[in-house]
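Ligands are counted one by one from 1 in listed order, and the atoms in each one are counted from 1 as well.
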Amino acid sequence: MSILVLGGAGYIGSHTALELTRGGADVVIADNLITGHKSAIPKNARFYKGDIRDFDFLDELFSKEKIDAVIHFAAFSLVGESVTAPLKYYDNNLCGTKVLLEAMVKHKIDKIVFSSTAATYGEPENIPILESDRTCPTNPYGETKLAMEKMFKWSANAYGLRYVSLRYFNACGADASGTIGEAHDPESHLIPLILQVPNGKRESVSIFGTDYDTPDGTCIRDYIHVTDLAAAHILAVEYLQKGGESDIFNLGNGVGYSVREVIETARKVTAHPIPAVETERRAGDPARLVASSAKAKQVLGWNPVHDSLEEIIQSAWNWHKNHPNGYDE
Ligand code: UFG
């Protein structure tokens, strides 16, 4: 039996697929390669190019391969773009998931692990954020992810499948091998943007807002290493294989770092001055997002190990300095 990684050519998907293959799993990857990269796919995984909105594509894949569980990363994930192109997000994230569930029900595949996000919470009620806190997204990206969670909940109820939804905080870092890493186009994430400065791709990095109610006035985020996220997906699959109930888990380190602290750590790691320019706030950014991951630790047995910001940025830098233009294909 195989594990199907949808969106396995993307950032978190490729790291999860790699960890699965290292653990000896038989891995099948499907990706439409719109935002994913062919060279991020592990060599010993079987790859199918196609789109989850295409029922016939999934129908054929599920007929050919014996899939035990699906890990679903196939979604658009840029918050800013989702505000200017909401229907693109509804189409891919929601319509794609609906078609996927239809195909899973037809082929009696009853286990799915799904990438959700801290963006489902919107402006947080409490810090650290618990899974039971209010969900009130402030952008279409978070809204589509929350709607996907609900689609799983009602489908689980009706069709007897089980799901785990993993709400990531700020995914970052790269595999220790230096062979895969983070590459978005356009880039909008803080750490890759900072590393473009020592790479000679930009003169400075912007700090979006210095008047937040935080100790140094800049936003605080919970940065979680992508390899720790990959481990959580594998534990979630095992949890479902052992008969675990459908559930939702936060994934973060439980420690917040400010934008200034991230830039300062990157200066240390890269030994480059990295000039920073203070600018206006970016619309829709909450001051603080820090997870409580107590539930994932207790129920899934998850234990994030790459939790120092220096290690996270060092691993990202190992990849970015050798791939200043991202992936070749
Ligand atoms: N930031 C800057 N300058 C930049 C880029 C970002 O100061 O050039 C700041 C942002 O304002 C924010 C922090 O750095 O305070 C992190 O920004 P990112 O864009 O890297 O990440 P976000 O916190 O906005 O987004 C993350 C995930 C999303 C998820 C969101 C939840 O990447 O998938 O958290 O709100 F939806």
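Remark: the backbone N or O of Lys88 is not paired with any side-chain donor or acceptor of Asp91 at under 3.5 angstrom.
A search for salt bridge (Lys or Arg N to Asp or Glu O under 4.0 Å) contacts involving Arg46 returns Asp26, Glu65, not counting sequence neighbours. Looking at residues two or more places apart in sequence or on another chain, you find a ring-ring contact (aromatic ring centres under 6.0 Å, His included) between Trp319 and His323, Tyr327.
A heavy-atom cutoff of 4.0 Å around ligand 1 is satisfied by the protein residues Val79, Thr117, Ala119, Tyr141, Asn170, Ser188, His189, Leu190, Leu193, Ser206, Ile207, Phe208, Cys219, Arg221, Tyr223, Val259, Arg282, Asp285, Leu289.
For the ring pair (Phe, Tyr, Trp, His ring centres under 6.0 Å) with His233, the qualifying choice from Tyr168, Trp302, Phe249 is Tyr168, the only one to do so.
Cluster note: Ile129 groups with Tyr121, Ile127, Phe169, Ile220, Leu289, Val290 through ILVMFWY side-chain heavy atoms spaced under 4.5 Å, whether in direct contact or through intervening members.
In this structure, a donor-acceptor pair under 3.5 Å is present between the side chains of His225 and Ser315.
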